[in-house]
2 protein chains.
Amino acid sequence: MRTGTKGVPRLDREAQIVAVACRRFGEQGYAGTSVADVALAAGISKPLIYQYFGSKDGLYVVALREAAAVLVAEIERTAALGAVGIERAVLTLDGMFRVLEPQPWLWRLVFDPSAPRTGEVAEVLAEHEERLVVLGTDGVRDLLELVGNDDPDDLSALRAVWENAFRTLVGWWLDHPGTTPEEMTARCERLLATLFGGS
Amino acid sequence: MRTGTKGVPRLDREAQIVAVACRRFGEQGYAGTSVADVALAAGISKPLIYQYFGSKDGLYVVALREAAAVLVAEIERTAALGAVGIERAVLTLDGMFRVLEPQPWLWRLVFDPSAPRTGEVAEVLAEHEERLVVLGTDGVRDLLELVGNDDPDDLSALRAVWENAFRTLVGWWLDHPGTTPEEMTARCERLLATLFGGS
DNA sequence: TGGGTAAGTTACTCCGAAGTCATATCAAGG
DNA sequence: CCTTGATATGACTTCGGAGTAACTTACCCA
């Protein structure tokens, strides 16, 4: 590739790099993606990424922030609708499927188990986890209060179970690309109804 | 360290190395553990590991096989007891807590997201996943049949949710070291009863 | 007693990926 | 026309971890 400028303004280039990085990090994971990889996919060279983002983690933080903002905002939007119980759960799942449909890789980017747990990345991760814990606890609390259970550890564990059920359903959907958001929402509704209504 | 033999027979040494490797891989993950690391913890040198196990993956496969055998055997044991529904679920969780109490690191070793998905490791992983899928599907099937739902995708998704709920409860327990297996089993029983009995 | 073999180590090579340095091109303004 | 700053790259250094070559010691047995 020839050396010298191509006339692309910094902000445009940054946006392009971040878009490519979101996809790569999301599809291959943090550990499975090298900076050279992102550079190649973006059609530029590695030093440009270092010039604009400082380090691999610097780039990752920006991509992560962008992806997490989209997903958390969607969850907070549906939470604010005021539904409760199964209805709230289904609404949240439905919103997530719709947001993810055009860019499914955002999901695994935000919940990447290979992301580093140090430095600024850890801070960003902790920040979003915090918000999800608040929302999840909120959605799950009345279930326990209904049966007179006010044990905080029970609440913590139940919240964890719900969060992971949510993640599992989204993960299942991502692993079955033929399924539309509508179909998947209907499936979730059926399953949740079975769990809570049955036996 | 002095060179030359220390008189430890190969089989003894192998067993010792595998025990150390289980713990290291389980506590730090496959990616976060180097062969030199295991060697140091075992009080021997790196080439001895290569002489006995061939490669890092070779060692990992042996450790993984050993750990997975313990855990899957326990799940199959409780499954064979013939309980159904919540009772079966609680029984399985209880058995797992008891097995893991003296060696909690086995859990994360078997479900290590940083393990490679290539070569023999992938085969071993797939083999155990297969057995877990069979057991999980079995435990979850009647729940759907009870409401006249015979959609195979619903079954697949519900099984995934149950597997991850199981993993989450075990993970929660591991993250709260003060809790005895008995206490945790009781908690699981409360939570499952709330889910299935309530609302 | 001396050679073969199992058990063991030191000191190396090799490789991939993070990160850096020096340089090149272009556009705009004096 | 010529300098300056922004955009860009090829070629480099560095580092950690996988894997290897060559050597050493102790024990057993003819």
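Chain identifiers are assigned alphabetically (A, B, ...) following the order of the sequence lines, protein sequences preceding nucleic acid strands; residue numbering begins at 1 within each chain. Owing to the predicted nature of the structure, the values given are computational and were not obtained by experimental measurement.
Electrostatic pairing of Arg98(B) and Glu182(B) counts as a salt bridge here, judged by a charged N lying under 4.0 Å from a carboxylate O. A salt bridge does not link Arg117(A) to Asp57(A): none of the charged nitrogens lies less than 4.0 Å from a carboxylate oxygen. With respect to the salt-bridge test (charged N to carboxylate O, under 4.0 angstrom), the residues Glu183(B) and Arg187(B) do not qualify. Between Arg23(B) and Asp37(B), none of the side-chain N atoms (NZ, or NE/NH1/NH2) sits under 4.0 Å from a carboxylate O, so this pair counts as no salt bridge.
Listed pair Arg2(B) / dA26(D) meets the phosphate criterion, a side-chain N or O lying under 4.0 Å from OP1 or OP2. OP1 or OP2 of dA8(D) has not a single side-chain nitrogen or oxygen of Lys6(A) nearer than 4.0 Å.
Rounded to whole angstrom, the span from the CE atom of Met1(B) across to the P atom of dT25(D) amounts to 15 Å. Separating the CG atom of Leu59(B) from the C1' atom of dG19(D) is a distance of 14 Å, rounded to the nearest angstrom.
For residues 38-53 of chain B, proximity to DNA chain D is found at Lys46(B), Pro47(B), Tyr50(B), defined as any non-hydrogen atom under 4.0 angstrom from a strand atom. For the contact set between residues 9-17 of chain A and DNA chain D, defined by any heavy atom under 4.0 Å, the members are Pro9(A), Arg10(A), Arg13(A).
The side-chain tip of Lys56(A) points at the ring of Tyr30(A) from less than 6.0 angstrom away and within 45° of straight on.
No side-chain donor-acceptor contact under 3.5 Å links Asn164(A) and Asn164(B).
A 6.0 Å sphere centred on CD of Glu87(A) holds no more than 12 heavy atoms belonging to other residues, nucleotides or ligands.
Within 3.5 Å, a donor on the side chain of Thr3(B) pairs with an acceptor on the base of dG8(C), or the reverse.
Asp138(B) is linked by a salt bridge (charged side-chain N to carboxylate O under 4.0 Å, His left out) to Arg88(B), Arg141(B), counting only residues two or more places apart in sequence or in another chain.
Annotation: of the two residues near DNA chain D, Val8(A) and Lys56(B), the 5′-most nearest-nucleotide partner is Val8(A).
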